[in-house]
Structure formats: structure tokens, C-alpha cells
2 protein chains.
Amino acid sequence: MEHENQKLVRSTQLLRSFWSVQKNIVRFVQKIAVENGLSIPQYTILMTLTLHKEMKMTQKKVGEQTFLPKSTLSHAVDGLVQEGFLSRQQVEGNRREMELMITDNGKAFLKRMHLQDGGIHQLFQSAMEQLTDKQYEELIESHLLLSAYLESQVKDQGGK
Amino acid sequence: MEHENQKLVRSTQLLRSFWSVQKNIVRFVQKIAVENGLSIPQYTILMTLTLHKEMKMTQKKVGEQTFLPKSTLSHAVDGLVQEGFLSRQQVEGNRREMELMITDNGKAFLKRMHLQDGGIHQLFQSAMEQLTDKQYEELIESHLLLSAYLESQVKDQGGK
DNA sequence: ATTGAACTGTTCATTAATGAACTATCATAC
DNA sequence: GTATGATAGTTCATTAATGAACAGTTCAAT
């Protein structure tokens with residue numbers, strides 16, 4: 001019982017700990033997105049695509065990764081295509097799915113945005129100086145363990 | 001130059017690392033909030049208040065902690081007051097400010113919500129089993145360092 | 001081939017979140 | 001004490017995000 005309580009205290013502490021970092025990240029992301037004329041879902045979509053080799057993914061996959069509702073996704077993608085940051089075409093062999101890819105124009109835009117003064121990367125680069133190399137490595141490692149577990153749970157529970 | 005590039009790579013990695021955990025947290029928070037008839041800002045407000053002794057804070061302070069726009073705050077608080085989860089009264093000595101406090105009713109609600117099956121605390125308790133005690137301690141420590149730094153930066157830059 | 005079910009994405013109506021203008025209160029300077 | 005400016009919160013009009021119904025495509029069973 002005492003042990004159960006200990007677990008609850010810890011999970012609460014861990015959640016708060018993530019939240020206190022995260023709220024600052026979110027705040028900056030919003031700022032950057034707005035300054036560059038993007039909605040939050042649009043920013044999220046671009047970030048998700050950059051994580052993939054060739055910056056190329058199906059819309060369905062993007063949805064799975066980001067948990068964005070599909071109507072939101074559809075509208076956001078539409079805007080990005082119109083801005084010329086994203087190309088969208090049917091997947092060969094399955095005309096239901098849409099293949100999304102960041103255009104050269106989009107890549108240039110992202111680069112500008114990330115080097116931008118007061119941007120989130122600048123902020124995080126100095127924030128990281130608070131950590132030793134060892135702390136950094138272990139932080140990444142722990143996050144990896146946690147996110148791997150969380151992802152597996154989400155799948156089990158069956159999204160939406 | 002090589003060193004500068006290294007820093008960029010790391011800050012990118014760190015951001016992604018946070019994001020991959022965070023998106024799962026957010027997803028669960030949304031689910032829990034919706035299931036309990038709360039908006040995201042309302043959930044955020046309640047969580048913020050529980051962090052404070054006596055679960056009591058001014059609305060202004062809540063705004064500073066959460067970065068929620070004040071119109072959003074005002075509406076969200078209004079709803080919580082109407083549901084009977086929050087009490088709201090003018091601060092003595094400064095009738096401009098509003099003192100918010102979680103009611104007994106609100107406390108009971110939060111307790112139910114957190115013990116709820118499939119809730120985020122349950123999820124995090126099992127997620128934590130992925131980490132050793134040492135990893136856990138160091139994770140909390142690193143987050144603390146980062147969030148302290150981020151908070152200080154936000155203040156310097158002068159929020160909105 | 002044909003039917004029905006499952007899937008991917010779009011459209012449209014609705015809800016949620018927000019910025020801007022406003023009200024009330026307080027602090028400061030005269 | 002009165003005027004001016006700053007602060008805290010509310011109201012209202014607007015924008016952003018979302019759920020539900022829908023259209024087109026694929027797959028499996030007959």
C-alpha cells in the first residue's frame with residue numbers, strides 16, 4: 001500500500017516534470033508558427049515530415065504519428081500545398097492514400113524558420129548547456145524508453 | 001563550426017525526444033478531459049491549481065504559469081465555477097484580482113478522474129517501470145535544470 | 001462480376017480557443 | 001482629491017480545430 005502510494009507520487013512528479021518543460025516548448029512553437037503564418041497542426045505536420053528520410057510520408061502515416069484528427073489534417077495539408085511547401089499526390093497502387101512530400105520551397109522555408117533569431121533551436125541550444133554530456137545522453141535514453149512504451153500502449157488500446 | 005553543428009544536431013534531437021513523449025501525454029490528457037466534460041484549458045487550470053498549497057491561486061498567477069490567453073482563462077474559469085469545481089472571489093486589498101480555489105467538490109472530481117481506469121496516472125505508473133530508480137531521479141533532475149532555464153528566458157524576453 | 005464492408009481523405013456544420021475592445025480597480029504624480 | 005496610466009478580468013466578434021456525414025477506392029466473399 002505504501003509502495004502503491006510511492007508509485008502514484010512518482011508518476012505525478014514525472015508528469016509535472018514533463019509538463020513544466022513542455023509548456024515552454026509549446027509556447028515557443030506557437031510563437032514561431034504564428035510568426036511564420038502557420039497553424040499549430042501545420043507546424044506539426046512539417047516537423048513530422050522532416051523526421052522521415054526524403055521528407056515523404058502518406059497522410060495516413062502523418063495522422064498516426066501526430067494523432068491529429070483527419071479533418072484537421074486535411075485542412076492543414078491543403079493550406080501547406082497552396083503555400084507551395086508540400087506536394088500531394090495519390091499513392092501509386094492505392095489511390096485512396098495521399099503521398100505528402102516537402103518541396104524545395106518548403107525546405108528553404110523551414111531552414112529560415114529554424115535559424116531565426118529567438119527561435120526554438122537557439123533557445124534549446126543554450127538550454128542544453130545546463131546539462132553535462134552524460135546527463136544529456138541519459139535524458140535522451142530515458143525519453144526513448146518512455147516513448148517506446150507509450151507508443152506500444154497506444155497501439156494496444158486502439159486509437160480513437 | 002563543427003562544434004556549432006554538433007550543438008544544432010543535439011538541440012534538434014532533444015526537441016524531438018521531448019516531442020515523442022509529449023505527444024502521447026497530450027493525447028491522453030485530451031482523452032481524459034473530454035471524457036470528463038472538460039476543455040483542455042480547464043484541465044490545465046485544475047492541474048495548475050493542484051500544484052499549489054491549499055489549491056489556491058489568483059487568476060493572474062494561473063495565467064503566468066500556463067501561458068493561456070486571458071480571454072481563454074476567463075471563459076474556462078467561468079465554466080469551472082458553474083460546475084462547482086472552483087470558487088472565485090475578489091482578493092482582499094485588490095479587488096481587481098480574482099482568487100481561485102478548488103472546492104471540495106472539485107477535489108473529489110479530480111480524485112475520481114485520476115484513479116479512473118485507463119487514466120494517465122495508470123499509464124505513467126507502468127511507463128515508469130521502464131526506468132531504474134537512478135534513471136528516474138536523473139530524469140527529474142535534468143528536467144528541473146531545463147525548465148528552470150526556460151522559465152528564466154521567458155521572463156527575460158517578456159511574455160506577450 | 002457483384003455485393004458489402006473496410007479504408008482514406010474531403011466537406012461542411014459546430015464547437016473551442018483567441019485577439020481586441022472594453023470595464024473596473026488601483027497606483028502615481030500633480 | 002483629480003487626472004493619467006497601468007493592471008486584472010470580462011465580453012464579444014473572429015479564427016482555428018474538430019466531429020459527423022459523405023464520396024471514392026480497395027478488398028473479400030460469394
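Letters A, B, ... mirror the listed sequences (proteins, then strands); counts begin at 1.
- A 4.5 Å side-chain heavy-atom check between B:Met47 and B:Leu110 finds at least one atom pair inside the cut-off.
- Under 4.0 angstrom from either OP1 or OP2 of C:dC26 there lies at least one side-chain N or O belonging to B:Arg95.
- Hydrophobic cluster of B:Trp19: the remaining members, joined at side-chain heavy-atom separations below 4.5 Å, are A:Leu51, listed by chain and number.
- Sorted by first then second residue, the salt bridge (charged side-chain N to carboxylate O under 4.0 Å, His left out) pairs that include residues 82-96 of chain A, not counting sequence neighbours, are A:Asp78-A:Arg88.
- The terminal axes of the helix from C:dA1-D:dT30 to C:dC30-D:dG1, fitted over 5 pairs per end, subtend an angle of 20° to the nearest 10°.
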Using a 4.0 Å heavy-atom cut-off, write out nucleotides 8-17 of chain C from 5' to 3' as B (base contacted by protein), S (sugar-phosphate only) or - (no contact).
BBBBB----S

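- One atom, CZ of A:Arg27, and another, C1' of C:dT18, lie 15 Å apart when rounded to the nearest Å.
- Contacts with DNA chain C (heavy atom under 4.0 Å) in residues 43-54 of chain B: none are found.
- Atoms CD and NZ, on B:Gln59 and B:Lys70 in that order, are 10.0 Å from each other to the nearest 0.5 Å.
- What you find for B:Thr103 and B:Gly84 is that their closest heavy atoms are OG1-O, 2.7 Å.
- The residues A:Lys23 and B:Glu151 are annotated as salt-bridged, a charged nitrogen and a carboxylate oxygen being separated by less than 4.0 angstrom.
- Rounded to whole angstrom, the span from the CG atom of B:Leu68 across to the C1' atom of D:dA8 amounts to 16 Å.
- Considering only residues two or more places apart in sequence or on other chains, A:Thr58 meets the side chain to side chain donor-acceptor pair (under 3.5 Å) condition with none of them.
- Side-chain contact annotation: A:Ser126 with B:Tyr149, donor-acceptor N/O pair under 3.5 Å present.
- Relative orientation of the A:His143 and B:His143 rings is tilted, given thresholds of 30° and 60° on the angle between their planes.
- In this structure, CD on B:Gln42 lies 11.5 Å from CG on B:Asn36, to the nearest 0.5 angstrom.
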